Every structure is written in C-alpha cells, then in structure tokens.
Amino acid sequence: RNGFTGKNLDKDQLDMQNYLKVLLNFRKNSSAIHKGKTMHYAPSDGIYLLARINGNEKVLIIINKNERDIEIDTDRFYELGLKNQELTDIHSEKKYFWSDNITIPKYSSIILTTN
C-alpha cells in the first residue's frame with residue numbers, strides 16, 4: 001500500500017486520503033484560518049460552533065455529537081453577521097444559506113466557508 005500514490009488503498013482509505021487532501025489544501029489557502037480572529041460558542045444540545053474570521057472570509061466548523069441529526073437555528077449565531085449569506089461546504093461543495101436552518105448529521109462535523 002502506498003499513501004503517496006494511492007496504490008493498493010481500499011475505498012475507505014482513498015476516501016480518507018481525499019478528505020484530508022481537500023482539508024489541507026483549504027487550510028493552506030485560507031487567510032481566515034491563518035490570520036483570522038476566533039469566535040466560538042458554548043456547546044448547546046450537543047452542537048459546538050467555532051468560527052475563524054478575516055475580512056470577508058469566514059470559516060465555520062460545526063460539530064454534532066448527538067446520536068441523531070440536528071437542525072441548528074442560525075439565529076443563535078447572529079454575531080457572525082452571516083444572515084442571508086451563502087456558505088459552501090468545503091468537501092461536498094453543497095451551498096447553504098445562513099437564513100435557513102441547517103441540518104448537521106449525527107456524529108459528524110461540517111466545515112463551511114463564505115469563499
């Protein structure tokens with residue numbers, strides 16, 4: 001097995017390799033990650049949100065530690081100034097509008113960005 005070339009990696013290993021590749025490339029190119037200020041909210045109902053903000057770039061990490069999917073009310077995080085803005089999941093490229101409630105699957109996390 002070769003983690004550099006992907007040779008002889010099974011599907012799960014290739015999926016993880018791709019997940020990390022996307023994450024590390026995003027991190028490398030994000031000014032909010034490198035230079036931004038941090039805002040975080042106390043966990044509530046098994047949901048934790050951490051944000052990094054630098055100018056117009058905002059990066060949100062939302063973690064759901066519940067045994068079920070949770071729909072978060074974005075109004076709870078009004079200080080982020082994201083109302084009606086579009087955010088993109090860095091892995092799936094799915095678009096979210098911050099005025100909507102957002103569902104986070106059980107035992108998972110999501111990374112959203114304004115860029």
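This structure is a prediction, so every number in the text was calculated from the model and none was measured.
With contacts defined as side-chain heavy-atom distances shorter than 4.5 Å, the pair Arg76/Ser44 qualifies. Looking at heavy atoms from C-beta onward, Ile63 lies out of side-chain contact with Ile47 at the 4.5 angstrom threshold. Residues Lys58 and Thr113 are not in side-chain contact: their nearest non-hydrogen atoms beyond the backbone lie 4.5 Å or more apart. Residues Ile110 and Ile61 form no side-chain contact, since every pair of their non-hydrogen atoms from C-beta on lies 4.5 Å or further apart. With a 4.5 Å cut-off on side-chain heavy atoms, Ile102 and Ile104 count as touching. Between Gln13 and Arg1, the closest side-chain pair of non-hydrogen atoms falls below 4.5 Å. Under the 4.5 Å side-chain criterion, counting only non-hydrogen atoms from C-beta, Glu86 is not in contact with Tyr96. Inter-residue side-chain proximity for Ile111 and Val59 is flagged as met; some heavy-atom pair is nearer than 4.5 Å.
The distance from the NZ atom of Lys65 to the OG atom of Ser109 is 14.5 Å, given to the nearest 0.5 Å. Rounded to the nearest 0.5 angstrom, Ile62 CD1 and Ser108 OG are separated by 10.0 Å. Atom CD1 of Ile53 is separated from atom OG1 of Thr38 by 8.5 Å, given to the nearest 0.5 angstrom. In this structure, Lys83 NZ and Asp75 CG are separated by 5.0 Å, a value rounded to the nearest 0.5 Å.
Using a 4.5 Å cut-off between side-chain heavy atoms of Ile, Leu, Val, Met, Phe, Trp and Tyr, with links allowed through other members, Leu23 and Ile33 fall into the same hydrophobic cluster. The hydrophobic cluster containing Ile70 does not contain Leu50, counting ILVMFWY residues as joined when their side-chain heavy atoms lie under 4.5 angstrom apart, directly or transitively.
Within 6.0 Å of the CG atom in Asp73, the count of heavy atoms belonging to other residues, nucleotides or ligands exceeds 12. The environment of Lys95 atom NZ is dense: over 12 non-hydrogen atoms of other residues, nucleotides or ligands sit within 6.0 angstrom. Within a 6.0 Å radius of CG in Asn8, other residues, nucleotides and ligands contribute more than 12 heavy atoms. Around atom CD of Glu79, more than 12 heavy atoms belonging to other residues, nucleotides or ligands sit under 6.0 Å away. Other residues, nucleotides and ligands contribute only 12 or fewer heavy atoms inside 6.0 Å of the CZ atom of Arg27. Remark: His40 NE2 is loosely packed, at most 12 non-hydrogen atoms of other residues, nucleotides or ligands lying under 6.0 Å away.
Formation of a donor-acceptor pair under 3.5 Å by the Glu57 side chain with backbone atoms of Ala32 is found in this model. At distances below 3.5 Å, at least one donor-acceptor pair connects side-chain atoms of Gln17 with backbone N or O atoms of Gly3. Judged purely by atom type and a 3.5 angstrom limit, Asn18 has no side-chain atom pairing as donor or acceptor with the backbone of Leu14. Of the possible polar contacts, one joining the Thr74 side chain to the Trp98 backbone as a donor-acceptor pair under 3.5 Å is found. In this structure, Gln85 contributes its side chain and Thr114 its backbone to no donor-acceptor pair below 3.5 Å. Counting only distance, with no hydrogens or angles, the side chain of Thr5 and the backbone of Lys7 share a donor-acceptor pair below 3.5 Å. Remark: side-chain polar atoms of Asn64 are paired, donor with acceptor, to backbone N or O of Asn66 under 3.5 angstrom.
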Could you walk me through whether Ile90 and Leu112 pass side chain to side chain contact (heavy atoms under 4.5 Å, CB included), step by step?
CA-CA 6 Å; Ile90 69 164; Leu112 304 174; over 6 Å; no
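Ring centroid separation for the pair Tyr48 and Tyr41 does not come in under the 6.0 Å cut-off.
Closest non-hydrogen pair, Pro105 versus Asp69, comes out as CA-OD1, 3.3 Å. Gly36 and Asn54 make their closest contact through CA-CB, 3.8 Å (heavy atoms, listed as atom of the first residue, atom of the second, distance). The minimum heavy-atom distance linking Ile72 with Phe77 is given by the pair CD1-CE1, 4.2 Å.
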